[in-house]
Peer 1: 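This structure is in structure tokens; I'll ask about it shortly.
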Amino acid sequence: IFSVATSAFSTVDVSHAVAGQRKFDGAVAIGSKVLFAPYNADVVGVFDAEYSVLALVELPQHITGDAKFAGVAALHGVAVLAPYDANAVGLFDVHRNRFSSIDISRWSSELGKFSGAATLGDSVVFAPYGVTAVGVYDGRNSAFYALESAGEAMLPFAYS
């Protein structure tokens, strides 16, 4: 953590709670909190910059394995996580400490789907990594859809 006010750098030790390599992949600030997207970790990291405290929120049982998410963007107070190997778009409400998801396994269950996320209006766009489509989370309808290179929408999935 770099403090602009004091020009000092400090760290928060997470080794007691999260082990292994590549724990998180991506971070986004929402208010005074920074959310870390779980890659190999089985928790969402929520750092409260105001109090210099890191909370670890367990993922639901259906979000398992390594390389879960790669990238995160903020949309209306919710962190939207880009599915890498996970078969779901992750949604984490930072204010309620609540994780939910949209199952996208009917569209693709392959590994390495998306890497990177950016907010655009009322949507979050996922950069294709191993898939041939751009992923879009539509925040107005809580739905996911994929756009092939011709710009044609494929299989919308509603929030569940």
Side-chain angles (χ1 to χ4, degrees), residues 14-15 17-31 33-48 54-160:
V14 299
S15 61
V18 184
Q21 297 294 313
R22 200 164 177 189
K23 298 163 186 61
F24 303 102
D25 190 330
V28 66
I30 299 175
K33 296 180 180 179
V34 179
L35 177 119
F36 302 114
Y39 189 77
N40 289 332
D42 292 324
V43 294
V44 174
V46 183
F47 179 71
D48 189 326
L54 178 70
L56 301 173
V57 180
E58 286 189 35
L59 292 171
Q61 291 181 349
H62 69 277
I63 305 291
T64 61
D66 288 336
K68 296 169 201 61
F69 301 100
V72 59
L75 182 66
H76 308 303
V78 174
V80 181
L81 293 83
Y84 189 77
D85 285 356
N87 290 323
V89 172
L91 303 169
F92 189 82
D93 186 324
V94 174
H95 305 295
R96 295 182 181 142
N97 274 353
R98 185 178 142 211
F99 186 93
S100 59
S101 62
I102 297 174
D103 184 351
I104 63 168
S105 61
R106 291 186 318 184
W107 175 72
S108 174
S109 59
E110 73 178 79
L111 304 178
K113 290 179 265 309
F114 303 104
S115 183
T119 303
L120 181 64
D122 287 326
S123 298
V124 173
V125 178
F126 304 128
Y129 184 81
V131 295
T132 60
V134 172
V136 179
Y137 168 73
D138 180 348
R140 292 174 306 231
N141 301 308
S142 294
F144 168 83
Y145 60 93
L147 294 174
E148 292 294 327
S149 58
E152 198 170 302
M154 299 176 55
L155 300 176
F157 297 93
Y159 173 77
S160 59

Peer 1: Less than 4.0 Å between a side-chain N and a carboxylate O, is that true for Asp25 and Lys68?
Peer 2: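 No, no charged N to carboxylate O under 4.0 Å.
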
Peer 1: His95: what forms a side chain to side chain donor-acceptor pair (under 3.5 Å) with it, not counting sequence neighbours?
Peer 2: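 So His95 forms no side chain to side chain donor-acceptor pair (under 3.5 Å) with any residue.
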
Peer 1: Run the side chain to side chain donor-acceptor pair (under 3.5 Å) test against Asp122 and tell me which residues pass, sequence neighbours left out.
Peer 2: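 With neighbours one apart ignored, the set is His76.
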
Peer 1: Looking at Phe92 and Val46, what are the two nearest heavy atoms and their distance?
Peer 2: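 Answer, listing the atom of Phe92 first, then Val46: CE2-CG2, 3.6 Å.
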
Peer 1: Specify the closest pair of heavy atoms between Gly135 and Phe114, including all atoms of both residues, with the distance to one decimal.
Peer 2: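 Here Gly135 and Phe114 meet closest at N-CE2, 3.2 Å.
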
Peer 1: Search all heavy atoms of Val124 against all heavy atoms of Ala73 and return the closest pair with its distance.
Peer 2: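 Taking every non-hydrogen atom into account, CG1-CB, 3.9 Å.
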
Peer 1: What pairs with Thr64 under side-chain contact (heavy atoms from CB on, under 4.5 Å), at least two apart in sequence or on another chain?
Peer 2: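 None.
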
Peer 1: Quick one: do Phe126 and Ser115 satisfy side-chain contact (heavy atoms from CB on, under 4.5 Å)? Show the steps, please.
Peer 2: CA-CA 7 Å; Phe126 304 128; Ser115 183; over 6 Å; no

Peer 1: Can you tell me if Thr119 uses its side chain to pair, donor with acceptor, with the backbone of Ala74 under 3.5 Å?
Peer 2: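 Answer holds: yes.
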
Peer 1: For Phe36, run the side-chain contact (heavy atoms from CB on, under 4.5 Å) check against Val28, Val44, Leu54 and tell me which one passes.
Peer 2: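 Going through Val28, Val44, Leu54 one by one, the side-chain contact (heavy atoms from CB on, under 4.5 Å) with Phe36 is satisfied by Leu54 alone.
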
Peer 1: Taking side-chain contact (heavy atoms from CB on, under 4.5 Å) as the definition, give me every residue that meets it alongside Asp66, ordered by chain and number, with sequence neighbours left out.
Peer 2: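 For Asp66, the residues satisfying side-chain contact (heavy atoms from CB on, under 4.5 Å) (neighbours in sequence not counted) are Asn40.
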
Peer 1: Search all heavy atoms of Ser123 against all heavy atoms of Leu75 and return the closest pair with its distance.
Peer 2: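 Residues Ser123 and Leu75, closest heavy atoms: N-CD1, 4.1 Å.
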
Peer 1: Can you sort out the partners of Ala29 under side-chain contact (heavy atoms from CB on, under 4.5 Å), two or more places apart, ordered by chain and number?
Peer 2: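 Ala29: side-chain contact (heavy atoms from CB on, under 4.5 Å) contacts with Val34.
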
Peer 1: Where do Val131 and Pro128 come nearest, in terms of heavy atoms and distance?
Peer 2: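 Shortest heavy-atom contact: O-CB, 3.6 Å.
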
Peer 1: By the side chain to side chain donor-acceptor pair (under 3.5 Å) test, which pairs, at least two apart or in different chains, include something from residues 80-90?
Peer 2: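 Only Asn87-Lys113 qualify under side chain to side chain donor-acceptor pair (under 3.5 Å).
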
Peer 1: On a heavy-atom basis, which atom in Ile104 and which in Ala88 lie closest, and how many Å separate them?
Peer 2: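 Answer, listing the atom of Ile104 first, then Ala88: CG1-N, 3.8 Å.
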
Peer 1: Would you indicate whether Glu110, at its atom CD, is surrounded by more than 12 heavy atoms from other residues, nucleotides or ligands within a distance under 6.0 Å?
Peer 2: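 Yes, CD of Glu110 has more than 12 neighbouring heavy atoms, counting only those of other groups under 6.0 Å.
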
Peer 1: Working note: Ile30 + Leu35, criterion side-chain contact (heavy atoms from CB on, under 4.5 Å); need CA distance, chi angles, decisive distance, verdict.
Peer 2: CA-CA 8 Å; Ile30 299 175; Leu35 177 119; 5.7 Å; no

Peer 1: Could you measure the distance from the CG atom of Asp138 to the CZ atom of Phe144? Nearest 0.5 Å is fine.
Peer 2: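 If we round to the nearest 0.5 Å, Asp138:CG and Phe144:CZ are 11.5 Å apart.
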
Peer 1: Quick one: does Leu81's side chain get under 4.5 Å of Pro38's, heavy atoms only?
Peer 2: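 Yes. Closest side-chain heavy atoms under 4.5 Å.
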
Peer 1: Could you tell me whether the side chain of Val57 reaches within less than 4.5 Å of the side chain of Val43, counting heavy atoms only?
Peer 2: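 Val43 does not reach Val57 side chain to side chain.
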
